[in-house]
Chemist: 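This structure is in structure tokens; I'll ask about it shortly.
Below, chain A is the first sequence line, B the second, and so on; all start at residue 1.
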Amino acid sequence: MTVVTRFAPSPTGYLHIGGARTALFCWLYARAKGGKFLLRIEDTDKERSTQAAVDAILDGLNWLGLGGDGEPVLQSTRAGRHAEVAHELVKRGAAYHCPVPAEELQARRDEAEALQKKKAAEGSLSDAEQARMADLLKPFRSPWRDPAKALPEGAPTVVRLRMPDAGELTVSDHVQGTVSRSYADLDELILLRSDGTPTYMLAVVVDDHDMGVTHVIRGDDHFLNTFRQLPIYHGMGWAQPEYSHVPLIHGPDGKKLAKRTNAVAVDVYRDELGYLPEAMRNYLLRLGWSHGDDEIISDAQAIEWFDLDGLNKAPARLDFVKLDSVNKHYMALADDQRVFDLWAARPEAAGLSADETARIRDAIGHLKTRAANIVGLGEQAKFLTNIRPIQLSGKAADQVNAEAKARLAALLPGLEGLTDWSEPVIKDEIARFCSANGIGMGKIGPALRAVLTGGAPAPDIALVLALLGRNEAFARIRDHAQAAA
RNA sequence: GGUCCCUUCGUCUAUCGGUUAGGACAUCUGGUUUUCAACCAGGGAAGAGGGGUUCGACUCCCCUAGGGACUGCCA
């Protein structure tokens with residue numbers, strides 16, 4: 001049997017970081033088993049679905065390298081098929097028409113909520129109220145589930161799934177384990193609305209079946225939905241897929257991710273935080289899944305090792321410090337031109353001169369190993385921008401005293417005399433200068449660094465000189481060098 | 001209110017009845033050093049609480065606490 005997985009987001013916004021991880025698991029499992037990974041856009045809610053959201057989600061998936069096999073299926077195009085299945089279910093007795101109006105259902109919920117509020121406020125309820133509330137809170141059972149009860153003439157109806165009267169349903173989930181619920185605790189969900197359109201519960205099952213999905217891997221907020229959807233498979237006599245409900249991702253505070261306070265949308269990780277997709281894959285994979293003590297896991301290894309049973313049940317918290325360290329690893333490995341292009345696309349890069357940009361381009365191989373992400377790369381590149389005249393403050397100013405100024409002045413001619421402006425040659429010249437004057441590196445290094453970088457983070461001093469280029473380097477030194485009186 | 005799920009260092013996790021409870025990130029100390037980063041050496045840091053079962057429990061069972069999901073003619 002060929003494994004088929006799918007990722008089925010509803011296009012109401014952006015690609016959620018938790019969704020991205022779920023997609024990663026689906027993608028990995030399909031790859032691991034030599035199967036297919038399909039995409040489906042659950043756009044049955046016309047009010048909330050937008051094309052912009054579809055594009056944003058697909059864009060996010062592509063960025064992460066999690067494209068689907070084949071074109072995404074638009075659920076809205078399949079409404080006819082969904083309805084067809086609903087009617088077949090009615091024919092088979094697994095579903096029935098129900099004329100209870102939406103307002104009546106809403107009134108039940110409102111009354112239940114009012115009683116709950118009253119109980120919370122007053123501490124207790126009368127026996128009658130308590131009984132009424134318990135009854136209201138029980139799964140709704142329509143009088144029309146009885147096939148003998150005649151439908152009122154001309155009344156609009158919904159199609160409801162029929163739950164068995166007794167017994168329980170057991171789900172064997174790769175993550176959640178074996179869990180049972182009795183049918184009495186399950187509501188008889190609406191399959192077809194009174195306007196004839198399908199609901200999500202129906203659409204998911206029909207599409208999964210028709211698309212040949214063998215493994216449903218989704219967020220565990222859907223776990224209880226499984227119990228409501230399974231009877232549809234049973235009613236149609238379809239083989240049910242295997243389920244894996246993965247826990248949601250929480251924020252650093254342990255609470256559910258909230259857009260207001262957390263980075264939730266995947267494009268934020270790319271555009272604002274400056275992370276690499278391969279680092280995101282590695283980090284996300286390790287959030288809730290592990291392979292012994294392995295931390296840095298390549299895509300090839302991930303595909304080889306990934307296994308549904310290795311997933312954890314508990315939600316994991318996002319840790320940006322760890323993400324940084326993973327990303328740092330991949331930054332160092334990344335192609336120079338690629339890293340440069342990513343940096344150059346950022347708004348901070350736009351304001352720089354051609355000169356500054358060229359310096360950074362030449363230095364990118366060194367810079368990329370020093371930063372945790374593309375934003376940090378900008379920090380590491382600061383010393384290469386036109387920061388003259390360099391303001392010396394605090395520790396840097398202390399380093400550049402009269403004695404140091406004189407040394408800098410003395411160092412200059414030797415540097416100016418170099419015909420080859422490269423790091424090793426510069427390094428040699430500084431070493432020669434030190435030994436010729438009988439001083440250690442410590443007597444010239446700190447001051448030289450101070451006047452060259454103003455205290456900004458920077459690599460080895462000879463490399464700094466090389467990367468700045470002779471003109472800029474000399475200018476920065478001259479700004480502070482002063483021959484001894 | 002009901003049903004279901006979760007709980008190991010600060011964080012992600014290993015452990016699948018017998019370990020000095022391991023690793024990673026972070027942190028602290030020391031070293032190296034011209035800054036930062038890196039690197040090297042070392043340290044501290046955990047089984048939510050309470051009951052059982054067992055020769056033996058982080059691991060199995062129960063209760064409590066805390067957290068979460070579902071309970072829509074939303075998805």
Chemist: Need to verify one output field. Residue with the more 5' nearest nucleotide on RNA chain B, A/Thr178 or A/Lys255?
Modeler: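 It is A/Thr178, whose closest nucleotide lies nearer the 5' terminus.
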
Chemist: Tell me whether A/Asp309 at atom CG has more than 12 heavy atoms from other residues, nucleotides or ligands lying less than 6.0 Å away.
Modeler: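 Atom CG in A/Asp309 is packed in, count exceeds 12.
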
Chemist: Once ring pair (Phe, Tyr, Trp, His ring centres under 6.0 Å) is applied, do any residues pair with A/Trp144, and if so which ones, sequence neighbours excluded?
Modeler: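 In terms of ring pair (Phe, Tyr, Trp, His ring centres under 6.0 Å), with neighbours along the sequence ignored, A/Trp144 is linked to no residue.
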
Chemist: Any donor and acceptor pair, going by atom type alone, linking the side chain of A/Arg6 with main-chain N or O of A/Asp208 inside 3.5 Å?
Modeler: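 Between the backbone of A/Asp208 and the side chain of A/Arg6 there is no qualifying donor-acceptor contact (under 3.5 Å).
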
Chemist: Extract from the structure each pairing of a protein N or O with an N or O of nucleotides 23-29 of chain B at less than 3.5 Å, listing the distance.
Modeler:
| unit_1 | atom_1 | unit_2 | atom_2 | d |
| --- | --- | --- | --- | --- |
| B/G23 | N2 | A/Arg286 | NH2 | 3.4 |
| B/G23 | N2 | A/Glu295 | OE2 | 2.8 |
| B/A24 | N3 | A/Lys322 | NZ | 3.0 |

Chemist: Tell which nucleotide pairs with B/U35, taking only Watson-Crick or G-U wobble pairs whose two distances are both under 3.5 angstrom.
Modeler: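 Check on B/U35: unpaired, no WC or wobble geometry under 3.5 Å.
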
Chemist: Between A/Tyr14 and A/His16, what is the ring plane arrangement, given parallel below 30°, perpendicular above 60°, and tilted in between?
Modeler: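 It falls in the parallel class, under 30°.
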
Chemist: List in numerical order all residues of residues 161-174 of chain A for which some heavy atom is under 4.0 Å away from an atom belonging to RNA chain B.
Modeler: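 By residue number: none to list.
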
Chemist: Taking any heavy-atom pair under 4.0 Å as a contact, classify A/Gly254: base, sugar-phosphate, or nothing.
Modeler: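 No contact.
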
Chemist: Any protein N or O atoms within reach of nucleotides 39-42 of chain B? Criterion: under 3.5 Å, listing atom names and distances.
Modeler:
none

Chemist: Got a sec, which pairs hit salt bridge (Lys or Arg N to Asp or Glu O under 4.0 Å) with one end in residues 246-257 of chain A, sequence neighbours left out?
Modeler: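 Salt bridge (Lys or Arg N to Asp or Glu O under 4.0 Å) check on residues 246-257 of chain A returns no pairs.
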
Chemist: Please determine if a side-chain N or O atom of A/Asn312 lies less than 4.0 Å away from the OP1 or OP2 oxygen of B/U7.
Modeler: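 No, outside the criterion.
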
Chemist: Over all strands shown, is A/Leu287 touching base, sugar-phosphate only, or nothing at heavy-atom distances under 4.0 angstrom?
Modeler: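 The residue A/Leu287 makes sugar-phosphate contact but no base contact.
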
Chemist: Heavy atoms only, 4.0 Å cut-off, all strands: where does A/Met441 land among base, sugar-phosphate and nothing?
Modeler: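 Base contact.
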
Chemist: Work out how far the P atom of B/G22 is from that of B/A46, and round it to whole angstrom.
Modeler: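 Nearest-Å result for B/G22 against B/A46 at atom P: 11 Å.
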
Chemist: Between B/C4, B/A14, B/G1, which one does the side chain of A/Val179 approach most closely?
Modeler: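 Nearest to the side-chain atoms of A/Val179, counting from C-beta on, is B/C4.
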
Chemist: Say we look at B/C60 and B/G66: how far apart would their C1' atoms be, to the nearest angstrom?
Modeler: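 Looking at atom C1' only, B/C60 and B/G66 are 23 Å apart.
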
Chemist: Salt-bridge test for A/Lys382 and A/Glu379: reply yes if a basic N is under 4.0 Å from a carboxylate O, no otherwise.
Modeler: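 Judged by the 4.0 Å cut-off on N to carboxylate O distance, A/Lys382 and A/Glu379 do form a salt bridge.
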
Chemist: Considering Watson-Crick and G-U wobble pairs with both distances under 3.5 Å, what does B/A45 pair with?
Modeler: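 Partner of B/A45: none.
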
Chemist: Does A/Trp289 have its ring centroid less than 6.0 Å away from the ring centroid of A/Phe25?
Modeler: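 Ring centres of A/Phe25 and A/Trp289 not closer than 6.0 Å.
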
Chemist: Which nucleotides of nucleotides 69-75 of chain B have their base under 4.0 Å from a protein heavy atom (B), which only their sugar-phosphate (S), and which neither (-), written as one string 5' to 3'?
Modeler: BSSSBBB

Chemist: Does A/Arg132 pair with A/Glu111 as a salt bridge, N-O distance under 4.0 Å?
Modeler: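 So A/Arg132 pairs with A/Glu111 through a salt bridge.
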
Chemist: Could you check whether A/Arg317 gets within reach of a base, just the sugar-phosphate, or nothing at all, counting any heavy atom under 4.0 Å?
Modeler: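 Counting heavy atoms under 4.0 Å across all strands, the contact made by A/Arg317 is with sugar-phosphate only.
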
